[in-house]
Amino acid sequence: MGNVFTRIGEKISDYPLFAAEWEERAQEILPAGPFGFLQSGAGDELTLGQNREAFSEYDILPRVLRDVSNVDTSIKLFGQEQSMPVMLAPVGFQGIFHSQMEIGSVKAAAAAGIPFVASTVTSASLEEIAMAAPEAVKWFQLYWSKNRDLTASMAKRAEKAGYKAIVVTVDTGLLGWRKRDYRNGYSPLKLLKGAANYINDPVFQELVPELTEEHVREAILENIHHPNLTWDDLLFLREQTRLPIVVKGILHPTDAKQAIELGMDAIVVSNHGGRQLDSAIASLRALPAIVKTVNGAVPVLMDGGVRSGADVFKAIALGADSVLIGRPYVYGLAAGGQAGVSRVIEDLRTELQLTYALSGVSCTKNIDAAYLIKR
Ligand SMILES: Cc1cc2nc3c(=O)[nH]c(=O)nc-3n(C[C@H](O)[C@H](O)[C@H](O)COP(=O)(O)O)c2cc1C
Ligand SMILES: O=C(O)C(=O)c1ccccc1
């Protein structure tokens with residue numbers, strides 16, 4: 001907390017402070033295609049907006065006259081400590097945002113003591129990311145490949161490279177209808193900006209007759225979308241890895257229950273940042289019913305629209321064990337590589353620490369629904 005008090009009124013840096021300013025900064029820096037891809041929601045972007053709106057339906061009901069001189073935001077997930085209940089969400093194709101790609105992001109996560117979730121469709125390979133930040137807690141987000149051996153191979157590579165969990169994203173059987181990308185005629189997937197994990201995979205190399213751009217593109221497109229995937233397939237993954245399996249993209253309590261029954265180790269309440277099914281329920285609104293159903297059996301994480309310390313606090317109060325942020329850290333990456341990501345994380349930390357203190361809370365486990373009131 002010390003630095004919060006000594007910084008009063010100081011000009012912190014030339015980086016933005018408000019979330020809206022970060023978006024503007026990214027827009028100034030990035031070409032239209034990458035910026036549109038980053039911002040894009042699906043359809044009329046109703047869910048994208050509702051993810052934010054949902055946070056304003058709650059106010060914090062603070063408690064006073066408690067000793068909050070020592071605020072501890074840390075938590076543990078799967079036995080791994082993180083300095084606050086915030087993680088960097090899997091965001092693919094980071095080479096379209098900054099030349100440091102995922103390397104800048106993972107180093108910032110390491111410096112902050114928060115986990116980094118590497119996407120399947122990264123611009124740097126999962127091994128390169130791991131080597132760049134061996135000290136970081138890293139999870140690997142798996143896009144199920146049609147070819148099961150490829151799926152298994154990626155999971156095994158992640159385990160070998162030191163990743164601590166496999167996050168299976170289940171809300172992208174097909175890609176959402178993202179109008180901005182169609183308007184811009186832009187697809188980082190087709191531009192092979194997220195091909196590193198495929199090109200470097202021994203099973204993929206066997207599948208593709210020659211590693212020409214055309215063949216690689218075709219093989220990735222053939223494998224990445226999996227509208228035929230079902231719950232039974234997750235059992236296959238269980239046999240392939242000893243790592244905890246996290247299911248990302250759950251919105252229905254019955255699906256959360258199903259995941260637990262199949263032995264999954266955590267779930268992420270998420271609508272993919274409003275990028276998949278438009279009009280899907282806002283993540284924060286889906287959270288309470290899922291927390292109730294899960295009833296402590298496994299950790300429940302959430303993402304979508306988290307932009308401030310108060311947002312993190314509200315999600316935790318509604319029962320999330322941790323949140324993930326997507327676009328916010330990518331704005332930082334675009335603006336300044338690793339340093340920009342660090343700026344975003346540290347400002348969020350400052351705000352979160354102050355939110356704990358001014359709400360009368362000194363550690364994460366004491367935050368509950370009694371600190372919130374619905375408007
Ligand atoms: C540009 C971009 C790329 C993404 N790529 C992936 C991905 O590869 N895998 C995945 O599971 N989720 C992906 N997501 C979704 C994020 O993990 C996360 O669910 C979402 O961004 C959270 O919402 P927020 O951006 O409002 O914080 C992506 C999101 C964005 C904005
Ligand atoms: O952009 C995304 O949200 C995303 O997850 C994705 C995944 C595969 C191909 C293209 C986009």
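Not measured: the values here are computed from a predicted model. Just follow the structure's listing: the first ligand is 1, and inside any ligand the first atom is 1.
- For S153 and D201, the side-chain atoms include at least one donor-acceptor pair closer than 3.5 Å.
- Distances shorter than 4.0 angstrom occur between a heavy atom of Y143 and an atom of ligand 1.
- Among protein heavy atoms, the minimum distance from atom 27 (O) of ligand 1 is reached at G326 N, 2.9 Å.
- Regarding atom 8 (O) of ligand 1, its nearest protein heavy-atom neighbour is S119 OG, 2.7 Å.
- For the 3.5 Å distance criterion, the side chains of S105 and Q338 fail to qualify, holding no donor opposite an acceptor.
- One side chain, E23 or Q39, offers a donor N or O that lies under 3.5 Å from an acceptor on the other.
- Under a 4.0 Å criterion applied to the non-hydrogen atoms of Q141, ligand 1 contributes the atoms 7 (C), 8 (O), 9 (N), 10 (C), 11 (O).
- Ring geometry for W139 against F78 counts as tilted: the plane angle lies between 30° and 60°, on a 0 to 90° scale.
- Cation-pi geometry between R148 and F236 is met: the NZ or CZ atom falls under 6.0 Å from the ring centre, inside 45° of the normal.
- For the residue pair S308 and E351, no side-chain donor N or O sits within less than 3.5 Å of a side-chain acceptor on the partner.
- Given atom 12 (N) of ligand 1, the protein heavy atom at minimum distance is K248 NZ, 3.0 Å.
- E45 has a carboxylate O that lies under 4.0 Å from a charged side-chain N of R180, or vice versa, which qualifies the two as a salt bridge.
- Within a 6.0 Å radius of CG in N228, more than 12 heavy atoms belonging to other residues, nucleotides or ligands are found.
- Of all the heavy atoms of R307, the ones lying under 4.0 Å from any atom of ligand 1 belong exclusively to the side chain.
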Can you list every pair where an N/O of ligand 2 is under 3.5 Å from an N/O on the protein?
{"unit_1": "ligand 2", "atom_1": "1 (O)", "unit_2": "R178", "atom_2": "NH1", "d": "2.7"}
{"unit_1": "ligand 2", "atom_1": "1 (O)", "unit_2": "R275", "atom_2": "NH2", "d": "2.8"}
{"unit_1": "ligand 2", "atom_1": "3 (O)", "unit_2": "R178", "atom_2": "NH1", "d": "3.4"}
{"unit_1": "ligand 2", "atom_1": "3 (O)", "unit_2": "R178", "atom_2": "NH2", "d": "3.2"}
{"unit_1": "ligand 2", "atom_1": "3 (O)", "unit_2": "H272", "atom_2": "NE2", "d": "2.8"}
{"unit_1": "ligand 2", "atom_1": "3 (O)", "unit_2": "R275", "atom_2": "NE", "d": "2.8"}
{"unit_1": "ligand 2", "atom_1": "5 (O)", "unit_2": "Y143", "atom_2": "OH", "d": "2.6"}
{"unit_1": "ligand 2", "atom_1": "5 (O)", "unit_2": "H272", "atom_2": "NE2", "d": "2.9"}

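- Aromatic ring pairs are classed by plane angle as parallel below 30°, tilted from 30° to 60° and perpendicular above 60°; the pair Y143 and H226 is tilted.
- Under the 6.0 Å distance and 45° angle rule, R275 counts as a cation-pi partner of F37.
- Between the side chains of K156 and Q240, at least one donor N or O lies within less than 3.5 Å of an accepting N or O.
- The pair E346-R349 counts as a salt bridge, with a side-chain nitrogen and a carboxylate oxygen less than 4.0 angstrom apart.
- Residue contact annotation: V306 has no non-hydrogen atom under 4.0 Å from ligand 1.
- Taking any N or O of L38, backbone or side chain, none lies under 3.5 Å from an N or O belonging to ligand 1.
- Both the backbone and the side chain of R327 come within contact range of ligand 1, each with a heavy atom under 4.0 Å.
- Of the candidates G194, G92, G273, it is G273 that places a heavy atom closest to atom 23 (O) of ligand 1.
- Of the inter-residue distances, the one linking H272 atom NE2 with D171 atom CG reads 5.5 Å to the nearest 0.5 angstrom.
- Checked by distance only, ligand 1 and F97 stay at 3.5 Å or farther apart across all their nitrogen or oxygen atoms.
- At a heavy-atom cutoff of 4.0 Å, ligand 1 is contacted by both the backbone and the side chain of P90.
- Checked for salt-bridge contact, D265 and R238 meet the test: a charged N lies under 4.0 Å from a carboxylate O.
- Residue D303 has at least one N or O atom closer than 3.5 Å to an N or O atom of ligand 1.
- The N/O atoms of A89, backbone and side chain alike, include none that comes under 3.5 Å of an N/O atom in ligand 1.
- Of the protein's non-hydrogen atoms, R275 NH1, 3.4 Å is the one closest to atom 31 (C) of ligand 1.
- Near S270, meaning under 4.0 Å from any of its heavy atoms, are these atoms of ligand 1: 19 (O).
- Note that CG of N200 and CZ of R157 are 6.0 Å apart. Values are rounded to the nearest 0.5 Å.
- The protein heavy-atom contact nearest to atom 3 (C) of ligand 1 is V91 CG1, 3.6 Å.
- By the 4.0 Å heavy-atom criterion, V121 is counted among the residues contacting ligand 1.
- If you number the atoms of ligand 1 from 1 as listed, the ones under 4.0 Å from a heavy atom of T169 come out as 10 (C), 11 (O).
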